[in-house]
Every structure is written in C-alpha cells, then in structure tokens.
Amino acid sequence: MKIEQALKEKIASALLELYQTSLPVVKLEKTNADFEGDYTFVVFPLLRASRKNPEQTAAEIGEKLALSAELVHSFNVVKGFLNIVIRENIWSEFLQKEWNNPAYALSPGTGKKVMVEYSSPNTNKPLHLGHIRNILLGYSVAEIMKATGYAVTKANLVNDRGIHICKSMLAWQRFGNGETPENGIKGDHLAGKYYVIFENALRAETEEVIKAALSGDFTGTDAAIQPKLAELYAILSNPENKEEKKEKARDEIKETIRNHSPLMQECQEMLRQWEAGNPDVLHLWKTMNGWVYDGFDVTYKRLGVDFDKWYYESNTYTLGKDIIEEGLSAGVFYRRDDGSVWIDLTAEGLDHKLVLRKDGTSVYITQDIGTAELKYRDYGLDQSIYVVGNEQDYHFKVLFQIMRRLGRPYAEGMHHLSYGMVDLPSGKMKSREGTVVDADDLLDEMHATAREKTIELGKTEGLEEAALNELFEKLGLAALKFFILKVDPKKRMLFNPSESIDFQGDTGPFVMYTYARIQSVLRQAGEGWQSAPVAGELHTTEKETLECLYAFPEVLHNAARDLSPALICQYALDLAKAFNRIYSELSLLHETDPARRATRLKIASFTAQSLKMSMNLLGIKEVERM
RNA sequence: GACCUCGUAGCUCAGCUGGAUAGAGCAACUGCCUUCUAAGCAGUAGGUCACAGGUUCGAAUCCUGUCGGGGUCGCCA
C-alpha cells in the first residue's frame with residue numbers, strides 16, 4: 001500500500017489530461033499542520049502550462065483527483081497549495097492490515113554485504129566520550145542496515161601496536177612495580193595510567209632542555225638534532241618573522257627535543273625490538289594488551305554493542321605493500337629519487353600523497369589500503385563503511401581515490417561515515433589537559449542520575465533491588481544513547497559535564513516511558529479486541545498517529561541511506577508524542593464502543609511495537625514497567 | 001596561505017533535494033492526576049535563521065562575498 005505513490009500517479013495523469021504537460025518528478029509534501037489535509041501539491045511550477053492563476057489551477061487538479069481517485073476524500077486550495085485529504089478508511093484499513101505484523105517496516109533482504117567498522121580504539125588508553133559517539137553510531141547504523149535487508153558484518157580494527165603502546169609498556173616496566181588489573185584497576189585504565197606516567201616523565205625530562213633551547217642554548221640535546229634546532233632557533237629569534245611562524249618553530253623545537261630525548265629513544269628502541277620479535281617485549285605487549293581487551297570488553301558489554309570480526313593492526317600493518325608494488329608497475333604510483341613512493345591526485349583536486357616511506361615501510365594509508373583489500377577478500381563486500389571522525393575527511397578522500405585508481409571493484413562501495421567531534425563547553429576534549437570524559441565514569445554517572453530521578457518520582461515501589469538496578473542501568477543508557485544519537489552525525493555536538501543529561505522531554509526515557517505505559521494498558525485490556533473490527537471514523541489524534549506509523553518504512557529507508565540514526569530518534573519522538581496525545585485526550589480501556597476500543601488498542605499495540613523497534617535500532621533496551 | 005565544515009529562540013537541537021505564518025526539548029510562567037503510569041498532556045512567552053548581495057513567482061535552504069567558530073593541509077595514527 002503506497003498512498004503517496006498512487007496519489008503521485010493520479011496527479012501526473014491529471015496534469016497530462018488537463019494541460020498536456022508533465023513534471024520530471026511529482027513532488028508531494030505532508031500538509032502543514034495548520035491546514036486541513038494530508039498531502040499537499042504545490043502548483044506554482046505549472047502556471048505556465050495551465051495559463052491560469054494558482055487558485056484556479058489547484059482547484060482544477062483537485063476536481064480531477066476527487067473524481068478519478070478512490071483514495072481522495074476531499075481537497076482545499078490555499079493560494080497555490082492544493083491540500084488533499086485522504087479518505088479515512090485508507091487509514092483504518094492500514095491499521096487493520098499492519099497493526100500486528102511483526103515484520104512491519106522491515107525490508108526483505110537484498111543480501112547486499114556491508115561491513116561497518118567502528119570503535120577501532122588504540123590500546124594505550126581507556127575509552128572516552130568521543131569513542132562513545134563513534135561506538136553508538138556504528139552499532140546503530142549496523143542495526144539499521146540489517147533492518148533494511150543488508151547482510152551486515154560489524155568490525156573492529158584495533159590499533160594494538162605502535163609507539164603509543166610502547167610508551168605505556170615502558171612506563172609500566174619502569175614504574176609499575178608489577179601492578180596488574182587484579183589489584184582492582186580496570187585493564188584499559190591501567191594502560192592509560194602508565195601512558196600518562198610516561199608523558200609526565202617525558203615532560204620532566206625535557207622541560208629544562210626545551211626551556212634552554214628556546215633561548216638558544218642546546219646543551220643536553222642530541223648532537224644529531226642540533227643543526228636543525230639552530231635553524232629553527234634562527235627563525236624564532238628573527239624579529240622580522242611573524243608571530244605565527246615563530247609559534248610553529250617553537251612547537252617544532254619542542255617536538256624535536258621530545259622525540260630525541262633519552263626516554264623517547266628508549267621507546268623507539270622498544271618498538272624496533274617489537275618489530276624484530278624480541279620475546280620479552282612481545283610478552284609484555286601481549287600481557288598489557290590482554291588487560292586492555294578485558295577492560296574494553298566490560299565497557300562494550302555495558303554499552304550493549306558487539307562485533308562480528310576483529311582486525312588487529314599488528315597483523316595488518318604490513319599489508320598494502322604488495323598492492324603498492326602492483327600499483328607501481330601499473331603506473332598508478334611513482335617512485336621519487338629518495339626511494340619513497342607517491343601518488344599524484346592533483347587531477348582529483350587533491351595533492352600528492354606518500355604511500356611508502358623511503359626506507360620501504362608502511363604509513364597509515366598503506367595499512368588502510370591493505371585492510372580494505374583484506375576486508376574485501378574476507379567477505380566479498382558490496383559496501384564498506386568506516387565510522388571515523390571528521391578530522392580524517394581528507395584521509396578517506398585520498399584512500400577511496402587510491403582504491404579507484406587501483407581499479408578495485410569495491411572502491412565505489414566505500415563510505416566514510418564522518419561524524420563531528422563531541423565538544424565540551426571549554427572546547428575540544430584534550431587528554432593532555434585532563435578534560436576527557438571517561439566512558440566508564442560517564443556510564444556510572446548515568447546510572448546514578450537514573451536512580452536519583454526515579455527515586456525523586458517515587459517510582460521504586462514494588463521492585464526488588466536487582467530489578468531496580470537493571471532499570472537504572474537501562475534508563476541511564478537510554479538517556480545517554482538518545483542524547484548522542486539524536487544529533488545529526490555530521491555535526492559536532494556539545495556535552496556539558498556539569499549538567500546531567502535530561503530524562504524528560506525529547507529523550508530516551510520519554511520514549512521508553514511511552515512504551516511502558518502502553519504495555520501497562522495492554523496488560524489490562526483483556527482479550528477480544530484483537531479480533532474486533534476497527535472503527536471507520538477516526539479522531540484527529542488517532543489519524544495523526546497512524547500517519548506517523550505509516551511513515552516508518554520510509555524513515556527507516558532514509559536512515560539507512562543517510563547512515564543517520566538521528567532520523568530514527570526523530571521518528572520515535574514524533575510517534576511517542578502523537579500517541580501520548582491520544583492517551584491524554586481519549587480513553588482506551590474505558591471506551592464503551594467496541595470498534596473504537598479495538599481501534600485504540602490496536603494503535604497502541606502497533607505504536608508499542610514500532611517504538612520498541614526504533615529503540616532497539618538505537619541500541620536502547622525497552623522496559624515493560626518504569 | 002590553501003581547502004573542508006559549521007553559524008537557526010537564553011541553552012541543546014530539528015528543518016536545508018527551494019514552498020504556506022521557521023519547529024521541538026530544556027530553562028521561565030499558567031492550567032490538567034478520587035478513569036487506563038503526570039519521566040505525561042494542554043497553553044503563554046521567547047527569532048534580524050551570523051551579515052551583505054545575487055538567482056526567482058517564492059530563499060533558513062541554492063550561488064558569491066564578509067565576519068566568527070571548528071577541522072585538515074606529517075615520511076604521526
């Protein structure tokens with residue numbers, strides 16, 4: 001049943017008949033709430049063909065539709081707007097047909113294979129709020145695509161190797177005194193703790209040296225970098241240079257000294273040992289990463305997300321080199337005199353990009369070329385979605401273009417789900433300044449807030465402690481997830497740690513509440529209504545709720561197309577609000593007319609089912625009572 | 001400097017493939033629980049859609065410029 005589609009066809013044939021004209025697309029809009037009608041057709045573009053004023057044109061088309069279409073009840077014209085009222089029995093027939101269809105809004109499988117890669121953490125630090133946005137988006141998009149008929153693989157590409165991991169390892173070796181997570185601290189937090197210890201030690205070690213270097217005294221620095229430092233210092237001390245340029249030089253001096261400090265050199269040595277397969281280093285690495293995985297696992301479980309496939313950079317970081325070789329002989333890449341390998345993407349409005357260092361080792365993008373190929377080989381993907389922050393927009397533009405140049409069949413199916421950063425009132429979260437919002441802490445806070453609010457409302461009666469805890473956990477998670485997912489993924493969003501996330505208004509708990517309230521009604525409704533016929537006439541609120549329900553399949557389709565759970569959030573709110581209006585204006589259980597009672601209960605049941613599906617697509621778990 | 005992106009109510013966000021009088025929620029104020037869960041419903045107030053031009057029947061939406069925020073331009077990931 002496609003009301004809109006049918007109506008569009010009717011309009012198209014009316015236009016042909018009346019004015020011997022057609023439109024490339026017949027556009028229908030939902031009628032503005034202030035006017036009577038369900039759908040609105042705008043006639044302004046037709047005035048040239050009709051040679052009549054807007055009102056007359058709209059009226060003519062309206063007449064035609066009313067005569068020929070069995071789905072049009074009536075119409076009215078306001079200026080150039082033709083408002084069409086659909087016959088009411090269309091809505092009640094829709095209700096009767098679909099209210100109990102468990103597959104409503106789901107699409108039959110096209111079987112297209114898609115991988116959604118999300119989370120993809122580093123193993124040297126615990127997860128924070130930024131990761132949470134990534135994780136929730138990835139999980140929800142994967143679920144949405146499943147519901148629209150894709151075969152989805154959720155993947156996590158763990159960055160488990162590299163200099164940052166070695167920092168944690170080295171600090172633990174030096175200052176750890178054998179500390180393990182068994183002593184209480186969660187594994188990922190333990191690795192993070194030593195990462196911070198390393199950074200602090202590095203700062204302590206280099207502070208004085210940097211200070212001296214900034215005033216031209218290079219004692220204590222590595223002899224190898226002194227010429228470079230002298231060069232930078234010349235820029236810094238030249239009064240003719242702009243402050244901006246000086247600032248850059250200053251930063252570079254700091255970076256250079258840090259990177260060549262004894263501690264960093266030791267760290268780099270550790271990385272070399274790791275790559276060379278030194279058993280002691282490997283053992284430490286495995287142990288520490290193991291702790292981190294155990295820690296992540298707890299957080300993932302608590303968030304209710306999962307993965308079908310794990311990739312580890314320690315396994316994949318050397319991939320891609322073969323493909324570079326292949327592309328080199330195919331002329332896609334070129335080699336510079338120093339031996340480094342590049343691609344020229346200036347034709348696409350991008351730049352030259354290095355794909356292999358002069359020493360033949362991989363860079364970040366080399367790995368990504370390799371894993372793209374690996375993913376395709378593993379699964380024969382039609383689509384591959386990367387949930388990664390928008391700071392990497394350029395990287396993915398380049399990556400996708402490279403895959404195209406390499407003639408990879410899957411290149412066209414690669415998408416970057418580029419999401420905005422989560423900002424604090426003070427700006428970006430910075431780990432160096434300790435402003436990151438830790439994921440585990442946040443989840444604890446959400447739980448505590450849920451408890452507080454529930455007690456405030458006096459809704460704890462009749463529930464055991466265990467059941468209450470489960471409720472608090474679900475409520476807190478719902479509030480957090482909805483808060484994050486209702487914002488358009490592309491946009492950056494603000495989180496204010498000093499204000500708790502709302503539980504009232506446009507929130508996850510509001511949607512949960514509406515669902516629980518319906519469940520309560522249905523528990524008391526008894527039997528019989530399921531098989532009773534529905535009423536032919538509907539109240540405005542009932543019709544509005546049905547219109548909302550009717551739109552669900554399209555909303556779901558759009559959410560999958562745009563990779564936007566925010567559309568599902570918006571839909572769930574619209575539906576919940578529409579139903580709550582019925583609930584407050586009309587009686588369900590006490591309605592005496594059997595057909596009207598059945599109508600309302602079926603709408604209630606249909607709404608509950610649709611809300612539940614929406615919540616689940618967002619990773620929110622419904623509750624039967626709250 | 002170049003490129004990308006954002007700027008809508010006090011705050012957080014919708015609306016952006018051009019359509020009617022720009023919408024929600026929070027915060028503020030007013031009503032509604034001796035009928036089904038008040039985490040609800042109804043209402044009041046709150047706007048130079050950053051600014052200036054342009055395109056056209058019509059612009060928050062498209063184009064250009066200006067201002068402001070963020071990001072990217074690593075042989076880091």
Side-chain angles (χ1 to χ4, degrees), chain A residues 25 27 29 31-35 40 42-45 47-48 54 78-81 83 120 122 159 162-164 244 255 259 313 317 336 338-342 349-351 354-359 361-368 389-395 397 418 420-421 423 425 427-428 450 453-454 456-457 459 475 479 483 486-488 490-496 499 501-514 516-525 566-567 569-570 573-574 576-577 579-591 600-601 604 625-626:
Chain A
V25 215
K27 272 183 66 182
E29 303 167 35
T31 301
N32 190 313
D34 299 337
F35 299 91
T40 294
V42 183
V43 302
F44 290 112
L47 300 185
R48 202 177 302 264
V78 183
K79 292 190 275 183
F81 299 89
N83 299 321
S120 303
N122 293 347
N159 186 5
I163 197 77
H164 47 289
E244 205 176 308
E255 270 309 296
N259 285 337
E313 284 194 10
Y317 78 106
R336 287 193 181 168
D338 65 1
S340 59
V341 179
W342 297 70
L350 303 169
D351 210 338
L354 176 110
V355 294
L356 221 49
R357 293 193 187 100
K358 60 189 169 203
D359 63 7
T361 56
S362 307
V363 291
Y364 179 45
I365 203 151
T366 324
Q367 298 177 33
D368 270 357
N390 63 11
E391 54 201 350
Q392 294 194 39
D393 283 356
Y394 184 78
H395 171 78
K397 261 189 204 167
S418 160
M421 299 288 105
D423 286 336
K428 214 179 159 182
K453 305 255 182 197
T454 307
E456 233 169 67
L457 291 168
K459 294 208 174 194
L475 271 172
F483 173 80
K486 81 164 192 237
V487 180
D488 183 340
K490 292 194 290 293
K491 297 194 177 173
R492 51 186 265 249
M493 63 177 294
L494 191 93
F495 174 80
N496 189 343
E499 291 170 15
I501 290 174
D502 269 312
F503 282 62
Q504 281 175 11
D506 288 354
T507 65
F510 168 67
V511 178
M512 286 173 85
Y513 171 75
T514 307
R517 197 191 219 185
I518 294 173
Q519 294 311 107
S520 168
V521 170
L522 294 178
R523 280 193 296 270
Q524 299 167 67
L567 299 181
C569 290
Q570 207 53 55
L573 289 175
D574 287 345
K577 282 180 191 172
F579 180 81
N580 281 326
R581 234 169 287 137
I582 296 181
Y583 187 90
S584 62
E585 287 174 19
L586 304 168
S587 188
L588 285 92
L589 296 176
H590 304 291
E591 172 60 55
R600 270 167 227 160
L601 288 170
R625 294 166 214 267
M626 65 183 271

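Below, read A as the first sequence line, B as the second, and so on, with proteins coming before strands; counting in each chain starts at 1. What you see is a predicted model, and the numbers here were worked out from it, not measured in a lab.
- Between A:F44 and A:F81, the two ring planes are perpendicular [angle over 60°; tilted spans 30° to 60°].
- For RNA chain B, each stem of at least three Watson-Crick or G-U pairs (distances under 3.5 Å) is given as range with range: B:1-7 with B:67-73, B:10-13 with B:23-26, B:28-32 with B:40-44, B:50-54 with B:62-66.
- Taking atom P on both B:A45 and B:G40, the two are 22 Å apart, rounded to the nearest angstrom.
- Put simply, CZ on A:F35 and CG on A:N83 are 7.0 Å apart, with the number rounded to the nearest 0.5 Å.
- Side-chain atoms of A:S520 do not come within 3.5 Å of backbone N or O of A:A516 as any donor-acceptor pair.
- Residues A:Q570 and A:L567 form no side-chain contact, since every pair of their non-hydrogen atoms from C-beta on lies 4.5 Å or further apart.
- We find that CD of A:E585 is positioned 16 Å from P of B:C33, with the value rounded to whole Å.
- Under the 4.0 Å criterion applied to side-chain N and carboxylate O atoms, A:D338 and A:K358 are not assigned as salt-bridge partners.
- A straight line from CZ of A:R517 to P of B:C33 spans 15 Å, rounded to a whole angstrom.
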Under-3.5 Å N/O pairs linking protein and nucleotides 19-23 of chain B:
{"from": "B:A20", "atom 1": "N6", "to": "A:T40", "atom 2": "OG1", "distance (Å)": "2.8"}
{"from": "B:A20", "atom 1": "N6", "to": "A:N83", "atom 2": "OD1", "distance (Å)": "2.9"}
{"from": "B:A20", "atom 1": "N1", "to": "A:N83", "atom 2": "OD1", "distance (Å)": "3.2"}
{"from": "B:A20", "atom 1": "N1", "to": "A:N83", "atom 2": "ND2", "distance (Å)": "3.3"}

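- Counting any heavy atom pair closer than 4.0 Å across all strands shown, A:T454 reaches a base atom.
- Taking atom CZ on A:R581 and atom C1' on B:C41, their separation rounds to 9 Å, with Å as the unit.
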Taking N or O atoms only and anything under 3.5 Å, show me the protein contacts with nucleotides 73-75 of chain B, one pair per line.
{"from": "B:C75", "atom 1": "O3'", "to": "A:R357", "atom 2": "NE", "distance (Å)": "3.4"}
{"from": "B:C75", "atom 1": "N4", "to": "A:D338", "atom 2": "OD2", "distance (Å)": "2.4"}

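- Side-chain atoms of A:R357 do not come within 3.5 Å of backbone N or O of A:S340 as any donor-acceptor pair.
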Fill in the blank from the handout: In B/S/- notation (B base, S sugar-phosphate only, - none; protein heavy atoms under 4.0 Å), nucleotides 26-32 of chain B written 5' to 3' is S------
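- If you take CD of A:Q519 and P of B:C36, they are 18 Å apart, rounded to a whole angstrom.
- A distance of about 10 Å separates the P atoms of B:U8 and B:C13, rounded to the whole Å.
- No side-chain heavy atom of A:K27 sits less than 4.5 Å from a side-chain heavy atom of A:V42.
- Residues A:N159 and A:H164 form a side-chain contact, since some pair of their non-hydrogen atoms from C-beta on lies under 4.5 Å apart.
- The nucleotide whose nearest atom lies closest to any side-chain atom of A:K577 is, among B:U35, B:G40, B:G25, B:G25.
- Place A:L586 and A:E313 on RNA chain B by their nearest nucleotides, and A:L586 ends up nearer the 5' end.
- Across the C1' atoms, B:U12 and B:A27 are found 11 Å apart, a figure rounded to whole Å.
- In this structure, A:Q392 and A:Y364 have side chains that are in contact, with non-hydrogen atoms separated by less than 4.5 Å.
- Remark: the separation of the P atoms in B:G25 and B:G70 is 32 Å, to the nearest Å.
- B:A77 and B:A60 have their P atoms separated by 47 Å, given to the nearest Å.
- Using a 4.0 Å heavy-atom cutoff across all strands shown, A:Y364 reaches at least one base atom of the nucleic acid.
- Between A:S584 and B:C41 there is no side-chain polar atom (N or O) within less than 4.0 angstrom of OP1 or OP2.
- Partners of A:E591 by salt bridge (charged side-chain N to carboxylate O under 4.0 Å, His left out), not counting sequence neighbours, listed by chain and number: A:R600.
- Atom CD of residue A:Q519 and atom CZ of residue A:R625 lie 10.0 Å apart, to the nearest 0.5 angstrom.
- Side-chain contact, A:T40 with A:N32: no donor N or O sits under 3.5 Å from an acceptor N or O.
- With a 6.0 Å radius and a threshold of 12 heavy atoms from other residues, nucleotides or ligands, A:R48 has its CZ atom at or below the threshold.
- Look at CE on A:M512: it is 13 Å from P on B:G40, rounded to the nearest Å.
- The nearest whole Å value for the distance from the CD1 atom in A:I518 to the C1' atom in B:A39 is 15 Å.
- When the C1' atom is used for both B:C73 and B:U17, the distance is 31 Å, rounded to whole Å.
- Distance, A:H395 NE2 to B:A77 C1': 9 Å, rounded to whole Å.
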Exercise for the section: Indicate for each nucleotide in nucleotides 4-14 of chain B, in 5' to 3' sequence, whether protein heavy atoms under 4.0 Å reach the base (B), only the sugar-phosphate (S), or nothing (-). Expected result: ---S----SSS
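- The CG atom of A:L573 sits 11 Å away from the P atom of B:G40 (whole-angstrom rounding).
- If you take CG on A:L475 and NZ on A:K453, they are separated by 11.5 Å, rounding to the nearest 0.5 Å.
- Between A:T507 and A:D502, the side chains place no donor N or O within less than 3.5 Å of an acceptor N or O (distance only, hydrogens not considered).
- As rounded to the nearest Å, B:C16 and B:C49 have C1' atoms that lie 11 Å from one another.
- Between A:D393 and A:S418, the closest heavy-atom pair is OD1-OG, 2.7 Å.
- Annotation: the span from A:K577 atom NZ to A:T514 atom OG1 amounts to 10.5 Å, rounded to 0.5 Å.
- By the 4.5 Å heavy-atom criterion applied to side chains, A:Y583 and A:I518 are not counted as neighbours.
- By the rule that a glycosidic angle within 90° of 0 means syn, B:C62 does not qualify and counts as anti.
- Contact annotation for A:L475: base contact, defined as any heavy-atom pair under 4.0 Å involving a base atom.
- Look at the P atom in both B:U61 and B:U5: the space between them is 16 Å, to the nearest Å.
- Of the two residues near RNA chain B, A:N159 and A:T514, the one whose nearest nucleotide lies more 5' is A:T514.
- Picking from B:C36, B:A39, B:U72 the nucleotide with the shortest atom distance to the side chain of A:E391 gives B:U72.
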